[in-house]
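Quick caveat: nothing in here was measured; it's all calculated off a predicted structure.
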Amino acid sequence: MFFFMPSIILSKTKQDTLVLENLFKYKDIHAKDVNGITENIYLRYSFQTKRRNPTLFLIPTMYTIAKGQREYIGETYGKITFNKISRYDIRRQIVSGSLPNYRKTMPILLNYIIPDLYNVCLFDEHILSPFNKTNRRFYRYRIKEISYDEVYVSFRPRIQNTQLIRGSAVVDRLTGRIKKVNIRGEYDLLKFEINTDMGDGITNNPSLPVSSSTKSTFKFLGNNIIANFSVQIGNLTGELPDSISNVSDIAFMDSIRPYPLNEFEKHIYQTNKAGRTRRDTLKKSQTRNDKIKEIAWDIIGDHMLNSMGTETSRASIRFSPLLNPLYLSYSHSRGLSYKIKMGARYSFSEKRNIIFTPYLGYNFKIKKLYFDTPLRFTYNTDKNAWVELTWRNGNRITDSSVLDIIKNENRDSIDFSALNLDYFDDEMLQIKHNISIGKMFDLTIGSIFHERTAVNKREYQLLGKPSVYRSFAPQLTISFHPYPSGPVFTANYERSLKGILKSNIEYERWELDTSFKKKLKGLRSYNIRVGGGFYTNKSSNYFVDFSNFHENYLPNGWDDDWAGNFQLLNSQWYNASKYYIRTNTSYESPLLLVTRLPLIGKYIETERIYVSALQIEHIKPYFEIGYGITNRYFSIGLFGSIINGSFNEFGSKFTFELFRKW
């Protein structure tokens, strides 16, 4: 018996390895493309509030639950069209439920109802799938035989991290097809458990589930909410004509509902019906002014504290919350800032649309309000042909006299705050037109008008010097992108012309830039940006203001230009050199350094390492080295700078990430 045991163990190991290999190969051999597939869909969801307090009002899309009842239900029957498994559009045909006006509540949960099991990520850009070979090194597997045809595969992460899950699956032994799966995990303040039935793989697309149910628990600052989502795709008996769209009818829903409500869901409907009757009775005794006030305060409260928006088949509009402390960010060199955004879009046809994406922000360090209002009309998406008009204000800037002031200064003794510099506020208007030339080139032509006004006008007037400087400059930009996921090479030329629109300065500027973001397996990526620019001019007074090398006082968070900017460089240096040569690199991974530490590592979503170099006049060279992490609560980066071979300073950058994806 002891003689045969090693061979039995070896055989079992080979069988387990074969099962996993079949599982990992299933997508490449058997899976079918889902792009363009349209199926009937039935979606049911319910919310149960265990505990809540006033902080719930500050959480996006939670106003209804914070203010209203503790239990809600909703149902949707319609059609779902897939671009890919994790990206789809649902067209509602019949709706019913107890949410007021069917408001969107916790729509982030829709991202967790249809897992993309065989892809690198289970959901769009997060949660590493244990069923993809790329992620095999992150999981431990145990295989148990159910029958000759089926095996039970359980899995758990090798290290505790929010990007990894645990669970089990019933798998076809021969093909590796997943039949049923249970997954449990926690991401972005949501603890979830998903049970998915992948069907028989014959009457349905083997990559898509036929049904899936998700139970999610949300806990934050004493609030505790349980949400249940269930979805059924295809094989629904009720085929509705396309003419039916977004009809609210509980009786109709009762007639086509594919499976009955449970007792808890029936209770919510009954409670809502009784409550609606009471509210209708009370409203009869209300005056017209009382009703208007109630509606107005409801609208104001919802829109002040939460993102707001609406959309139709052709148009959409969205605003970020007007009052939300989570939109604050801090940087060592830029100070504290607050920013709100808006987005509006209207599609004339598949190839023509107009987009308006303004933002408004305030920087507390320099006490300045910033705005940017780009309006773009795309008239041919195939040719990437568009016209864009932008009105914005820029950072406070000094004229070229700063070059003469610091020319004879010792680098180690330069203190911009002690120098007598003249500052100007900048306002600009830009128009440009872009069109693709072939598949590899883009040509952008346009012009930009600056009006720079002295902060201390009175001093300029006493000296008999102009307090307002204007420039009008045609621009030419050529972009070269050899292949879709490859680097982008850009060359830019700009020359100011005197006399046009009262332009009283002239300059000539050249810039070259190369940027490349390469996505690697396992949610890893690296960013590289290399560029340079220089001024050639004959004017005695102008403003050094590069397009690709400038200060940004209103960062967007982890996904903005952290990887393509200098975090500790004094803002004055951006305007104190006629040329620059820069390199910025970063490497990003969800499982790098801190994630391997006990206790805290499981909360880290992504880590980054930064290395940047710069050469300008007076500081040759300048280096920045940094490390950053992001989690469900915030992003933070720690940076150190080196000038002329000596350590210069240490600083940090911080932004809130709470509910940024909600």
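Here the shortest heavy-atom pairing between Ser503 and Ser471 reads OG-CA, 3.4 Å. Nearest heavy atom pair, residue Tyr542 against residue Ile505, reads CA-CD1, 4.4 Å. The minimum heavy-atom distance linking Asn504 with Tyr469 is given by the pair OD1-CA, 3.5 Å.
Other residues, nucleotides and ligands contribute at most 12 non-hydrogen atoms within 6.0 Å of the CD1 atom of Ile445. More than 12 heavy atoms of other residues, nucleotides or ligands lie within 6.0 Å of NZ in Lys368, so this atom counts as buried by the packing criterion.
Under the 30°/60° scheme for interplanar angles, the aromatic rings of Phe543 and Phe424 are found to stand perpendicular. The aromatic rings of Phe546 and Tyr535 sit perpendicular to each other, their planes meeting at more than 60°, with 30° as the lower class boundary.
A distance of 16.0 Å separates CH2 of Trp391 from CD1 of Ile431, quoted to the nearest 0.5 Å. The CD1 atom of Ile355 sits 7.5 Å away from the OG1 atom of Thr357 when rounded to the nearest 0.5 Å. To the nearest 0.5 Å, the span separating CD1 on Ile616 from CG on Asn575 amounts to 10.0 Å.
A ring-centre distance under 6.0 Å is found for Phe549 and Tyr574. For Tyr112 and Phe123, the ring centers are positioned less than 6.0 Å apart. Close placement of the Phe441 and Phe480 rings is indicated, their centers lying within 6.0 Å of each other. Taking the six-membered ring for Trp, Tyr362 and Tyr370 have ring centres at least 6.0 Å apart.
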Query raised in the report: Yes or no on side chain to side chain donor-acceptor pair (under 3.5 Å) for Thr477 and Asn492, after CA distance, side-chain angles and deciding distance?
Result: CA-CA 4 Å; Thr477 302; Asn492 175 268; 2.7 Å; yes

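Screening residues 475-488 for salt bridge (charged side-chain N to carboxylate O under 4.0 Å, His left out) gives no qualifying pairs among residues at least two apart or on separate chains. Residue pairs meeting the salt bridge (charged side-chain N to carboxylate O under 4.0 Å, His left out) criterion with at least one partner in residues 517-528, sequence neighbours excluded, are Glu125-Lys519. For residues 631-645, the pairs satisfying salt bridge (charged side-chain N to carboxylate O under 4.0 Å, His left out) are Glu186-Arg632, with sequence neighbours left out. Screening residues 443-454 for salt bridge (charged side-chain N to carboxylate O under 4.0 Å, His left out), with sequence neighbours left out, gives Asp426-Arg452, Glu451-Arg470, Arg452-Asp545.
With sequence neighbours left out, the side chain to side chain contact (heavy atoms under 4.5 Å, CB included) criterion links Ile500 to Phe472, Leu497. For the salt bridge (charged side-chain N to carboxylate O under 4.0 Å, His left out) test, residues two or more places apart in sequence or in another chain that qualify with Glu511 are Arg509.
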